[in-house]
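Each remark here refers to the structure printed beneath this line.
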Amino acid sequence: MTLKLIKTESETPSINSILDKLNESQQKAVTSIEGPVLIIAGAGSGKTRALTHRIAYMIDQGIRPENILALTFTNKAAEEMSLRIASLVPQNAVTRIWSGTFHSIFARILRIEAESIGYTRSFSIYDTDDSSNAIKDIIRNLGISTQQYTPQAIRGKISSAKNQMLTWDKYTDVYTTSNDRTIADIYKEYEENLKRSNAMDFDDLLLNMIRILRNDMATLKKYQERFKYLLVDEYQDTNRPQYLVCKMLAEAHKNICVVGDDAQSIYKWRGADIKNILDFQKDYDNPTIIRLEQNYRSTKNILSAADSVIKNNRKQISKDLWTDNPDGDKIRLVECIDEIDEAEFIIKTINSKISNENISAKNFAVLYRTNAQSLAFENSCRKHKTPYIIVGGMSFYKRKEVKDVYSYLKFICNPKDNESLVRIINEPPRGIGQQTLSSVRSFAKNEKSSIYEAFQKIDSITDLASRGKNSIKAFTDFINEILVIKSKTEPREFATQFIEKTGLLQMYKEIDTEDSIDRWNNVQQVLSDIATFFRMEPDKDLEDYLQQVTLISDIDEKDINRDQIKLMTIHSAKGLEFPVVFIAGLEKGLFPFARTESIRDEEEEERRLFYVAITRAMENLYLTYATRRMRFGEYNYQNPSKFISEIDPKLIDMKAKPTQQSIVQPRSKLHGGNPYRPKADNYSQVFSDDSYSQMPENELKLKSGDRVKHSVFGPGKIESISGTPHNLQATVYFQTVGRKKLMLQYAKLEKI
DNA sequence: GACCTCGGATTATCT
DNA sequence: ATCCGAGGTC
């Protein structure tokens, strides 16, 4: 090893200069190629840099690119990685490296190996919606009311069972109520349903990968030999199936390098097990352990703030993250009236920095806890003509017409795909409605076949009106015609022709409302997206394209480097950095997210999430919260997040917003018992629909958490306050009568 | 079967 | 506020 290193350094100046730019630990991370390696990498410690340089170094050492498998967790991380590898390694090598998310790499392998587990290589991947729809149908067929069991909730339970590798027949061993027995039944049906549809859901991509590797030794050996060198990013976020695949693949050569930071583990809810990183030393003999503790990203103030927050977690590996960077500005904490005011403040602040301080838009990121929060920012950006991009939001793909186009394509690739078929069969209307479809469905279920297979035997379905039969025959004729075209047309050309023939575009054109013009445009956009894909990847087929679309959620991904501000959830922001970061919505109930407060482990995960958010910032960090926020069409009044108070007060600068004259709240008031009383400011007068300043003062003297007394119900505790400013309601928990929702105007609650 | 209206439930986070 | 399903009418 050492000899090799010296030789390389003298011969290839490029590697030499690359190593020169790295600190000692990073160099060690780059050059420790053989055997198990554990890299504990603090936030901003140049982890991606070390990983990518490591790959460049490996290739320089003569390791063949196709023997390298680099796995990441999210698409964002995968993309960042590929981009940076590309700048270090010759192009012909880059494309030979296997690098991507667990799901996309596994899907790629599964296409090759599909037949050995009873799938065809054209299997569909069901996204969350497809799964929920399939489950909804199952629930209906089992005659269970959808009230008690929402499809989405069940999908979640089944998914987490799968993440724990709990099969349907073992489900009731762990979960034992009668509800759970019903869930197990649905789970079973769901699995059969997927099988019949030649489809896998997201979790199956991981589980089936395990099946393939366990299936026979030859296959396992094949992939062990192909992937002689494994790199796993964000190892703290791997769940059980992901962990097992890594273990199996690394078994032969033990060349596995994992990188992680326990403080940034934020996917426990998806089955991630922090033990995987903590137990690495048990799993692999005598690993090289490297700690990256110098932070290159953030100012001292930002790093200290992050540190003061994460200190409140009990469970963690102790780490000494330090930086040579300057102190920098204090952290700005800003109170806003509502989500509109918050968005206006943030976007206006960004705009003024863009024009006055000459910082370009791409340097700004607005981070939030939930996707729903993006709307207000989007509106403000549009209003002020600020270029923006919502990263990772599914908005485009969730549109009906877009999903329909993909369903058409998915169906034609995999005619067994029931969910796609159901979506498109009557879109545009073909006279095949619920009635017709449900008799075919039950026929198909009896035959243990897919719906489309049942279409082939349409004449044997007795309880079907001839009108329905004729419509179905017309549809199968249409599909057969399309299948012929597919076999002799290039994918790109085929997609365009096919969608043209479906009549979707025609339908939108004929309707000719503003809405349908949008839809028409969106379909066109999908078609041009397809064209772009095949221009870039001429050797791939439609299945490859659809797989990519299903596993990547953002069509604007390619625009990520444009000069525009970034709006995203904190989960999406993981692994990224920005000069100026805004963390919005720091309110109780929102962040930390409701429900999690009472559960210590979950609260710790929320805190790690806040830690991740803070450490995205390089130079400036803004924290904002709103005193009321629209939810379910009603305002909710909340106190600031407890996380704010965990930041060392010395690091915080709480000022009024630029146009506000009078609010400078001392920190002590933030979490004290004083009722908070906001004042009107220019933002609210201009942008809020109802003027907050006119709110009768006395109604806000109460807030959630207060103990109150009611003339009839006696003492109680306010759980939440909601409603419109002129019609406020409090949800109060009384010892005598339990939970009551009262109108403050009339209830005459007395504070005690 | 298509279209309408009404009522209820719904909101984490990613693949 | 908005999306979805149920139930009614044409």
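Atoms considered below: every heavy atom in the structure, side chains included; atoms not considered: hydrogens, waters and symmetry mates. Residue numbers start from 1 in every chain, and the chains themselves are labelled A, B, ... in the order their sequence lines are given, proteins ahead of strands. The model shown is predicted, which means the values in this text are computed figures rather than measured ones.
- Here A/Tyr267 does not lie in a stacked arrangement on the base of B/dT13, lacking the combination of planes under 30° and ring centres under 5.5 Å apart.
- Residue A/Thr569 has a polar side-chain atom (N or O) positioned under 4.0 Å from OP1 or OP2 of B/dC14.
- When the nearest nucleotides of DNA chain B are assigned to A/Gly433 and A/Thr101 by heavy-atom distance, the more 5′-ward of the two goes with A/Gly433.
- A/Gln547 and A/Thr550 share no side-chain donor-acceptor pair at under 3.5 Å.
- The distance from atom CD1 of A/Ile135 to atom OH of A/Tyr187, rounded to the nearest 0.5 Å, is 10.5 Å.
- Note: CD (A/Gln152) to C1' (C/dC3) measures 11 Å, nearest angstrom.
- Distance CD1 (A/Ile125) to C1' (B/dT15): 10 Å, rounded to an integer number of Å.
- Counting to the nearest Å, the P atom of B/dT15 and the CD atom of A/Gln548 are 13 Å from each other.
- In this structure, A/Arg628 is positioned above the aromatic face of A/Tyr635, its NZ or CZ under 6.0 Å from the six-membered ring centre and within 45° of the axis.
- Rounded to a whole Å, the NZ atom of A/Lys268 is 18 Å from the P atom of B/dA12.
- The side chain of A/Lys136 lies closest to C/dC4, out of B/dT15, C/dC4, B/dA2.
- Listed nucleotides: B/dG1, B/dT15, B/dC14. Nearest to the side chain of A/Trp269: B/dC14.
- As rounded to whole Å, 15 Å separates atom P of B/dT13 from atom CG of A/Leu567.
- Within the structure, a side-chain polar atom (N or O) of A/Asn426 is placed less than 4.0 Å from OP1 or OP2 of B/dA2.
- Looking at A/Arg240 and A/Asp273, their side chains never come closer than 4.5 Å, going by heavy atoms from C-beta outward.
- Looking at heavy atoms from C-beta onward, A/Arg108 lies in side-chain contact with A/Trp98 at the 4.5 angstrom threshold.
- For A/Phe593 and B/dA12, the ring-to-base geometry satisfies the stacking test (centroid distance below 5.5 Å, interplanar angle below 30°).
- Contact between the side-chain N/O atoms of A/Ser572 and the OP1/OP2 oxygens of B/dC14 is found at a separation under 4.0 Å.
- In this structure, A/Ile158 places its CD1 atom 21 Å from P of B/dT15, rounding to the nearest Å.
- One interatomic measurement links the two molecules: CG of A/Leu586 to P of B/dA12, which rounds to 19 Å at whole-angstrom precision.
- The OH atom of A/Tyr635 sits 12 Å away from the C1' atom of C/dA1 (whole-angstrom rounding).
- Of the candidates B/dT10, B/dT15, B/dT13, the closest approach to any side-chain atom of A/Asn75 belongs to B/dT15.
- The side chain of A/Thr128 contributes no N or O atom lying less than 4.0 Å from OP1 or OP2 of B/dT15.
- Proximity note for A/Arg369 (side chain, C-beta onward) versus B/dT13, B/dT15, B/dG1: the nearest is B/dT13.
- Nearest to the side chain of A/Phe202, among B/dT15, B/dG1, B/dC14, sits B/dT15.
- Position along DNA chain B of the nearest nucleotide to A/Glu606 versus A/Leu437 favours A/Leu437 as the more 5'-ward residue.
- Taking CG from A/Asp262 and CD1 from A/Ile274, the interatomic distance works out to 5.0 Å, rounded to the nearest 0.5 Å.
- Nearest nucleotide to the A/Asn371 side chain, out of B/dT10, C/dC4, B/dT13: B/dT13.
- You'll find that the side chain of A/Pro429 is closest to B/dA2, out of B/dC14, B/dA12, B/dA2.
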